Amino acid sequence: MRQVERQGDSQEIMAMNIEETLRTLGITHPAGLWIDQQVRLCHGPILAIHSPVDGSLLAEIPQAVPEDADLAIAGAVAAFRRWRLVPAPVRGELVRRFGNILRENKQALAELVSIEAGKIRPEAQGEVQEMIDICDFATGLSRQLYGLTMATERPSHRMMEQWHPLGPVGIISAFNFPVAVWAWNAAIALVCGNSLIWKPSEKTPLCAMACQSLLMRAAHGMREVPEAICSVLIGSRALGELMAEDRRIPLVSATGSVAMGRAVGKAVANRLGRPLLELGGNNACIVTRSASLDLAVRAIAFSAVGTCGQRCTTLRRLFVHQSIADELITRLKIAYASLPIGNPLENGTLIGPLIDRTAMDRMMSALSEARHAGGTVFGGDQLTDRVPAGGCYVRPAIVEMSSHADIMFQETFAPILYVLRYSSLEQAIELQNCVSQGLASSIFTNDLREAELFMSASGSDCGIANVNIGPSGAEIGGAFGGEKDTGGGRESGSDSWKSYMRRATNTINFGSDLPLAQGIQFG
Ligand code: UN1
């Protein structure tokens, strides 16, 4: 096994990068209400932002207080009243320009994602690419917000549906995709004619401020774009609660933990608003006897350890047919042993830090619970040598289990891969589906019948069911989201846009009689 931890001269790299990055992205102001042609300062308590790379202090930002939130929401209502009247293809023009500005600033924004969220450079760039892709998608969509024309049972009548803008859209996003998940929501919501109020994770506010600043740059010179079309509310959970309860926000799209989603979903549903939830996953992969192990090993490694196990689509449970289990597990251990772990800003690193100490403590306590349940743990240790001091670096873990222990029902947001052997595919599918979450899943097989069974009504119960690729790393073109405790929401591609609009069914009588539906004679 070669030495894999990398020496991090992070202090220097960070100092070099952060100032220039912030300047390039236009973050010269400290907070996020876009009102009166400028960004208005919030006045709440100061939030200190530390980089997960080495714990260094990145910024001190005043948080939004309820009065700021009220101002942002009132601004978003006024912006919506104007923006909904702008033709959808012109709204698409804003998003097209935003996509181009993202192309120009891809490196800088990715750099900020690496510094603030700890992602390795290739993944941070991939995240910004995901933003660019959704902008392209939404721009095309701005000319395709189609409604149907339906056959009517009444003579000289026409029946059709129209999709209208909905209102201010609240977006609550998590630290692990600090820019892309907002962009899925924002790009679609904007072409649909809505304004935005964004509460980013308290761990990644600089990323949110950068996105807002780039969007303002895109809007510059477009007189159709009203001010306050996108406000950013930086601060604690209380701001999210406030958004969830506010009737002026008809749709609240929230990404994060199941506990957060339950609270937001309840509050939004209580006022009969629309919650759009993308919550935890406990994603699985089944590797059958007929699978290509070369493909499986590569896909499993990326899905289980990419983003240091902090994607909602991260592979957490692996079910391997008993006849190939020894070989697959051996190959996985070899792959894990050569993973370069360390400073995410250094070229060649594949595993960056966990977001903070709480995440590290949770990983360690999950591993100790797995050991108590009879699991054999490979890796999983905390690293202090040859990694930047002040960051939480870990070696990803493979945990061989003999049964589906209690700990496997939980989503631990860390690189832990539980492995179980199975004997029949039906049993493996049942094990996969036995958890409360239902986001992403995949099967490795070269047997058509196995693949089809996995994707059928009695197969995977997840929102994402892949064949011969891992469960993570979805493209934007599909609808993204999952079932059960994952919350049921769908964001991003396909027809997810319909959640961001209101549907009006119109029946028009162009005759001189008044026939009633269902043949009713009345008087
Ligand atoms: C998330 O972790 O919240 O499919 C989103 C993926 C990414 C998105 C993950 N495109 O892994």
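In this text the structure is predicted, and so the values were computed from the model without any measurement.
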Given side chains that start at C-beta, do those of [X] and [Y] come closer than 4.5 Å, heavy atoms only?
X    : Y    : answer
L190 : F98  : no
R91  : V225 : no
R154 : T507 : yes
L109 : L214 : yes
S441 : F454 : yes
I249 : I73  : yes
W83  : N194 : no
M363 : L354 : yes

Quick check against the 3.5 Å criterion: does [X] have a side-chain atom that pairs as donor or acceptor with the backbone of [Y]?
X    : Y    : answer
N433 : D461 : yes
D246 : L242 : no
E245 : A267 : no
R97  : G92  : no
N283 : T314 : yes
R121 : S114 : no
Q410 : I407 : no
H50  : G55  : yes
S442 : I469 : yes
S51  : V53  : yes

May I ask you to check whether over 12 heavy atoms, not counting those of [X], lie within 6.0 Å of atom [atom1]?
X    : atom1 : answer
E153 : CD    : yes
R271 : CZ    : yes
R81  : CZ    : no
R362 : CZ    : no
K266 : NZ    : no

Where [X] and [Y] come nearest, the two heavy atoms and their spacing:
X    : Y    : value
P250 : G167 : CG-CA, 3.8 Å
T313 : S472 : OG1-CB, 3.1 Å
E491 : S496 : O-OG, 3.2 Å
Y393 : P344 : OH-CD, 3.7 Å
P471 : S303 : CD-OG, 3.4 Å
V65  : P45  : CG1-CD, 4.4 Å

**Item:** Worked check of side chain to side chain donor-acceptor pair (under 3.5 Å) between T349 and N343
**Value:** CA-CA 7 Å; T349 300; N343 190 329; over 6 Å; no
Pairwise distance [atom1]([X]) to [atom2]([Y]) - rounded to 0.5 angstrom:
X    : Y    : atom1 : atom2 : value
I49  : L47  : CD1   : CG    : 3.5 Å
C207 : L112 : SG    : CG    : 4.0 Å
E224 : L85  : CD    : CG    : 12.0 Å
F480 : S492 : CZ    : OG    : 8.0 Å
L102 : C135 : CG    : SG    : 5.5 Å
T204 : M209 : OG1   : CE    : 11.5 Å

**Request:** I would like to know whether D485 and S436 meet side chain to side chain donor-acceptor pair (under 3.5 Å); could you show each step before the answer?
**Result:** CA-CA 6 Å; D485 281 5; S436 62; 3.1 Å; yes
**Request:** Could you go through the side chain to side chain donor-acceptor pair (under 3.5 Å) check for K484 and Q437 one step at a time?
**Result:** CA-CA 6 Å; K484 305 189 291 187; Q437 309 87 344; over 6 Å; no
Charged N-O contact under 4.0 Å between [X] and [Y]:
X    : Y    : value
R96  : E93  : yes
D495 : R490 : no
D70  : R248 : yes
E123 : R311 : yes

**Request:** Check the pair C285 / Q432 against side-chain contact (heavy atoms from CB on, under 4.5 Å), numbers first and verdict last.
**Result:** CA-CA 8 Å; C285 175; Q432 179 203 281; over 6 Å; no
**Prompt:** In terms of the angle between their ring planes, are W182 and W198 parallel, tilted or perpendicular, with boundaries placed at 30° and 60°?
**Reply:**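 Because their plane-to-plane angle is under 30°, the rings of W182 and W198 count as parallel.
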**Item:** Residue from N176, V113, L345 passing side chain to side chain contact (heavy atoms under 4.5 Å, CB included) with K119
**Value:** V113
**Request:** List the steps and the verdict of side-chain contact (heavy atoms from CB on, under 4.5 Å) for W497 and F137.
**Result:** CA-CA 11 Å; W497 61 271; F137 180 94; 5.6 Å; no
**Asked** Would H164 and Q162 satisfy side-chain contact (heavy atoms from CB on, under 4.5 Å), going step by step from the backbone distance to the final call?
**Response** CA-CA 6 Å; H164 292 305; Q162 294 185 80; 3.6 Å; yes
**Verdict with supporting geometry, Y500 and L276, side-chain contact (heavy atoms from CB on, under 4.5 Å)** = CA-CA 9 Å; Y500 300 80; L276 199 168; 3.7 Å; yes
**Asked** After noting the C-alpha distance and the side-chain angles of E278 and T486, does the key distance pass the side chain to side chain donor-acceptor pair (under 3.5 Å) rule?
**Response** CA-CA 6 Å; E278 198 260 281; T486 303; over 6 Å; no
